[in-house]
Amino acid sequence: MSFFSYFNRVLHGYPSGSKLLVLCSISGGGLIAYADAHSDAERFTVEHNQKEPQKKRVVVLGTGWAATSFLKDLDAKSYDVKVVSPRNYFAFTPLLPSVTCGTVEARSIVEPVRNIIKKRSGQIQFWEAECLKIDTADKKVFCRSSVDENLAGNDKFSLDYDYLVIAVGAQINTFNTPGVLEHCYFLKEVEDALRIRRAVIDCFEKSVLPELTEEERKTNLHFVIVGGGPTGIEFAAELHDFIHEDLVKVYPLVKDLVKITVIQSGDHILNMFDERISSFAEQKFQRDGIEVLTGCRVVNVSDKLINMKIKSTGEDVSIPHGMVLWSTGVGTRPVVKNFMEQIGQGNRRILTTDEWLHVKGCEDVYALGDCATVDQRKIMEDISTIFKAADKNDSGTLTIEEFQDVVEDIIIRYPQVELYLKSKHFSQLTDLLKDSEGNDTEAVDIDGFKLALSHVDSQMKSLPATAQVASQQGAYLSRCFNLKSKGKHDPEGPRRFRGSGRHEFRPFRYRHLGQFAPLGGEQAAAELPGDWVSMGHSTQWLWYSVYASKQVSWRTRVLVVSDWTRRFIFGRDSSRI
C-alpha cells in the first residue's frame with residue numbers, strides 16, 4: 001500500500017488534464033494499471049456541475065390523454081418533472097364501451113405510466129396519489145396516497161412547483177338528478193367498464209332463476225342508457241351485439257325478453273355529428289330493435305324505475321329497468337372547483353384558460369383536457385387597437401396594403417376569422433373590405449372596419465371534451481415548454497395588438513381530424529375533415545385500423561388486435577371475470 005501511496009503523491013505533482021496510466025511488470029509478466037482519478041479536469045467538472053442553475057420544477061396532475069401527451073413530448077432533461085395521479089396507468093378511453101361487453105379486455109387498453117415515462121430522456125417521478133388542494137400563493141399541491149391506508153407511513157404529502165399542469169379530467173355530470181349516484185352506472189374509468197360487465201351478466205343470471213314471473217324477467221333484462229352521445233350509443237351498440245351474438249346462446253330461455261332503450265333529451269342521438277350520421281344511427285337502431293326515446297328528460301331514478309318527463313307534452317312516464325347507464329356529459333372535479341374559487345373563477349362553470357392554455361388569473365399554472373376550456377378572445381374586443389396598429393400613418397383610414405400587413409397576425413391570433421372566411425367562401429381576409437356590390441375599396445375608416453368584421457365572432461365555438469382535443473393540447477404545451485428559452489428572445493407568435501412586441505408562441509389551434517361512432521353489427525359511421533361522411537361495414541374496418549394505430553405502445557396494440565381476432569373466432573367471454 002505504501003508503494004501506491006508513493007506513486008499517488010508523485011503523480012499529483014504533474015498538472016495533467018488526462019488520466020495517467022502506469023503499467024508495471026510483476027513476477028512473470030502480470031500487468032497492473034494505475035489511473036489518476038483526481039485530475040484537475042474532473043475537479044473542474046464537479047465544481048462546474050455544482051454551479052449549474054437548478055431546474056424548474058414541473059408538477060403534472062393526471063395521467064389521461066392530456067397529461068400523457070404532454071409527458072411523451074416534453075424534454076424532461078430540462079425540467080424536474082413530478083407526476084401525481086390516483087391511477088398509475090393511461091387508459092385508451094375510446095375503447096371503454098368495448099370493455100363493458102368483453103369485446104376488448106381491460107388489460108389491453110391500459111399502459112402503466114412508469115412504462116411510458118421511463119422511455120423519456122431525463123428523470124420523471126410518479127406518485128399514485130390524489131391531489132386534494134392547490135395552493136397558488138406558496139406554489140404547492142397537497143396530495144393523499146391512493147393506496148391502502150393500512151400500510152405503514154404517512155399517506156399525505158405536498159409538492160412545490162414552479163409550473164403546474166392541471167390535467168385531472170372531469171367527473172360525470174348528474175345534473176343533481178335524484179337517485180342517479182345511488183342507482184346508475186357510469187362509464188369514465190376502466191373500473192366502471194368492469195362493473196358494468198358484471199352487472200350485465202348479473203341481470204341475465206337473475207333472470208333465469210326459477211319462480212320468477214315473466215314481468216320480473218323482463219324488468220331485469222331491460223337495459224336503459226341515458227344520453228345519446230358517442231359513449232352511450234357505442235355502449236348500446238356493443239351491448240346489442242353481445243346479447244344477440246353471445247348471450248342468447250348461453251341464456252336461450254330469456255332471449256326474447258331482452259330490451260335496450262336509449263333516452264335522449266334532445267331531438268336526435270349523436271347530435272354533435274353530421275345529421276346524416278344521426279339519421280343513419282337512428283334507422284339502424286330501429287332495425288336492431290333498440291328503442292330510442294328523444295325529447296325526454298329524466299327527473300329521478302329508483303332501484304326499479306326510471307322516471308322521465310316528455311318535453312313536448314309534459315307527460316310523466318315511468319319505465320322499469322334492470323340496469324341504467326348514465327352518460328349525459330361531464331362536470332368539474334372538487335379539487336378544480338376549490339382552485340377556481342381561489343383564483344376568482346368561482347362563478348364559472350369550468351376552469352378557463354387563455355389561448356396558450358395558461359389559467360386565467362393564476363401565474364405559472366396551465367390546464368388541459370376535460371377539466372378546462374379555452375376562452376378564445378373576441379376580435380371585436382380588440383378591433384380599435386387592431387385598426388390603430390394597421391394605420392401606420394395615423395390617417396384615420398386603412399388602405400388594403402396597410403391591412404395586409406396585419407392579416408397574418410389576425411388569422412393566427414383569432415382563429416374564428418379563418419372559420420368565418422370559409423363559411424362565406426372568401427379566399428382571403430381582404431375580401432371582407434369589399435363594398436356591398438363586391439368591388440374593392442381603396443380605404444376604410446374605423447366604422448367600416450368594424451362593420452366588415454362584426455360577424456366574425458359568430459364562428460367561435462367551445463372545444464369538445466374529447467380525447468382528440470386533450471391529446472393535441474398536451475403536445476402543444478410540451479412544445480411550448482421545450483422552446484421556453486427560445487421564445488423569450490425569439491418569439492414566434494403573432495404581434496401583441498394590446499402592447500408591444502410579439503407573443504412568445506402561437507396560440508393553441510385545434511385541428512379536427514374526424515370522429516367515429518361504432519353502431520354495432522360491424523358497422524360504423526365516420527365524420528372526417530372536408531365534410532366527408534362515411535357509414536357502413538368499410539367504415540368499421542377503418543375504425544379498427546385507426547384505433548389500433550393510436551394505441552400508446554406496441555404491447556397494447558398487439559393485445560387489442562388479438563382481442564378483436566379472438567372475438568371473431570371464439571366470441572365474447574360471458575363470465576363476470
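All figures in this text were calculated on a predicted structure; none of them were measured in a lab.
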Ignoring hydrogens and angles, tell me if any N or O in the side chain of Lys55 forms a donor-acceptor pair with the backbone of Lys77 under 3.5 Å. yes

Return the minimal non-hydrogen interatomic distance between Val335 and Cys131, and the atom names on each side. CG2-O, 3.5 Å

Using modelled atom types and a 3.5 Å cut-off, is there a donor and acceptor pairing between side-chain atoms of Asp457 and backbone atoms of Ile379? yes

Using a 3.5 Å distance criterion without hydrogens, assess whether the side chain of Glu130 forms a donor-acceptor pair with backbone atoms of Cys143. no

More than 12 heavy atoms of other residues, nucleotides or ligands under 6.0 Å from CZ of Phe568: is that the case? yes

Might you work through the side-chain contact (heavy atoms from CB on, under 4.5 Å) test for Ile134 and Asn338, ending with a clear yes or no? CA-CA 8 Å; Ile134 300 169; Asn338 179 273; over 6 Å; no

Within a reach of under 6.0 Å around CD of Glu275, are more than 12 heavy atoms found that belong to other residues, nucleotides or ligands? no

Shortest non-hydrogen contact from Val248 to His244? CG2-O, 3.5 Å

Sidechain-backbone polar pair: Arg333 side chain, Val168 backbone, donor-acceptor under 3.5 Å: yes

Counting only heavy atoms not in Asp267, do more than 12 sit closer than 6.0 Å to its CG atom? no

Taking it one step at a time, do Phe90 and Trp65 satisfy ring-ring contact (aromatic ring centres under 6.0 Å, His included)? CA-CA 8 Å; Phe90 163 80; Trp65 281 93; 5.0 Å; yes

Apply side-chain contact (heavy atoms from CB on, under 4.5 Å) to Phe505 and Trp356, showing your working. CA-CA 8 Å; Phe505 304 103; Trp356 290 268; 4.2 Å; yes

Look at the side chain of Glu527 and the backbone N and O of Asp274, then say whether any donor-acceptor pair between them is shorter than 3.5 Å. yes

Is it the case that the side chain of Ser562 and the backbone of Leu559 share a donor-acceptor pair, with hydrogens and angles ignored and the cut-off at 3.5 Å? yes

Between Thr328 and Trp326: side-chain donor-acceptor atoms closer than 3.5 Å: yes

Might you confirm whether atom CD of Glu408 has over 12 heavy atoms from other residues, nucleotides or ligands at distances under 6.0 Å? no

Considering only heavy atoms from C-beta outward, does the side chain of Thr63 approach that of Phe126 to under 4.5 Å? yes

Give a yes or no answer on whether the side chain of Asp431 reaches the backbone of Ser427 with a donor-acceptor pair at less than 3.5 Å. yes

Is any side-chain heavy atom of Gln428 closer than 4.5 Å to one of Val407? no

Do Asp160 and Arg57 have side-chain heavy atoms sitting under 4.5 Å apart? yes

Interatomic spacing from CD in Glu492 to CZ in Arg479 - rounded to 0.5 Å: 4.0 Å

Can you find a heavy atom in the side chain of Met323 that is under 4.5 Å from one in the side chain of Val200? yes

What pair of heavy atoms forms the shortest contact from Asp573 to Phe242, and how long is it? O-CZ, 3.8 Å

Heavy atoms only: give me the nearest Ser69-Ala475 pair and the separation to one decimal. OG-N, 3.1 Å

Should the pair Glu111-Arg555 be classified as a salt bridge under the 4.0 Å nitrogen-to-oxygen rule? yes

Could you tell me whether a side-chain N or O of Arg557 sits under 3.5 Å from a main-chain N or O of Ser549, the two making a donor and an acceptor? yes

Report the C-alpha separation of Ser478 and Asn482 in whole Å, then their side-chain angles, then the decisive distance to 0.1 Å, and conclude whether the side-chain hydrogen bond (donor to acceptor under 3.5 Å, both in side chains) test is met. CA-CA 6 Å; Ser478 66; Asn482 294 341; 4.8 Å; no

Looking at Asp531 and Arg276, is there a salt bridge between them, counting it only when a charged N and a carboxylate O are closer than 4.0 Å? yes

For Gln125, is the CD atom crowded, meaning more than 12 foreign heavy atoms sit under 6.0 Å from it? yes

Decide yes or no on side-chain contact (heavy atoms from CB on, under 4.5 Å) for Ile269 and Val292, but give the supporting numbers first. CA-CA 8 Å; Ile269 60 175; Val292 177; 3.7 Å; yes

Relative to each other, are the rings of Tyr163 and Tyr79 parallel, tilted or perpendicular (30° and 60° limits)? perpendicular

Looking at Lys550, I want to see if its NZ is surrounded by more than 12 non-hydrogen atoms of other residues, nucleotides or ligands under 6.0 Å. no

Starting from the C-alpha separation in whole Å, work towards a yes-or-no answer on ring-ring contact (aromatic ring centres under 6.0 Å, His included) for Phe481 and Tyr366. CA-CA 11 Å; Phe481 269 65; Tyr366 301 83; 5.4 Å; yes

Do Leu325 and Phe223 make a side-chain contact, defined as non-hydrogen atoms from C-beta onward lying under 4.5 Å apart? no

May I ask you to decide if Gly228's main-chain N or O and Gln264's side chain share a donor-acceptor pair within less than 3.5 Å? yes

Does this structure show an ion pair linking Arg567 with Glu522, if we count only N-O contacts that are shorter than 4.0 Å? yes

Return yes if a side-chain donor-acceptor contact under 3.5 Å exists between Thr177 and Thr174, otherwise no. no

Could you tell me if Lys188 sits above the aromatic ring of Phe186, with its cationic atom closer than 6.0 Å to the ring centre and no more than 45 degrees from the axis? no

Please step through side-chain hydrogen bond (donor to acceptor under 3.5 Å, both in side chains) for the pair Glu238 and Thr100, ending with a clear verdict. CA-CA 8 Å; Glu238 283 280 357; Thr100 62; over 6 Å; no

Using a strict threshold of under 4.0 Å (side-chain N to carboxylate O), is an ion pair present between Arg572 and Glu245? yes

Glu504 bridged to Lys486 by N-O distance under 4.0 Å: no

Minimum-distance pair of heavy atoms, taken over all atoms of Pro94 and Glu234: O-OE1, 3.6 Å

Looking at Gln459, Gln376, Lys378, which hits side chain to side chain contact (heavy atoms under 4.5 Å, CB included) with Tyr414? Gln376

Roughly how far apart are Leu96 CG and Phe235 CZ, rounded to 0.5 Å? 11.5 Å

Hey, does Lys422 have a side-chain heavy atom less than 4.5 Å from the side chain of Val417? no

With a 4.5 Å heavy-atom cut-off, do Asp162 and Val58 have their side chains touching? no

Phe273 side, atom CZ; Asn271 side, atom CG - distance, nearest 0.5 Å: 10.0 Å

Are the side chain of Gln473 and the backbone of Leu357 linked by a donor-acceptor contact shorter than 3.5 Å? no

Decide yes or no on ring-ring contact (aromatic ring centres under 6.0 Å, His included) for Tyr547 and Phe92, but give the supporting numbers first. CA-CA 9 Å; Tyr547 276 30; Phe92 192 86; 5.6 Å; yes

Please report the interatomic distance CD(Gln123) to NZ(Lys118), rounded to the nearest 0.5 Å. 14.5 Å

Heavy-atom nearest pair, Leu270 first then Ala281, reads CD1-CB, 3.8 Å

Between Trp564 and Tyr544, is the ring centre distance below 6.0 Å? yes

Is there a side-chain contact between Asp364 and Leu164, using heavy atoms and a 4.5 Å cut-off? no

As a test of understanding, state which of Val165, Leu71, Ile117, Asp75 forms a side chain to side chain contact (heavy atoms under 4.5 Å, CB included) with Val81. Leu71

Can you tell whether the side chains of Lys82 and Asp80 come within less than 4.0 Å, N to carboxylate O? yes

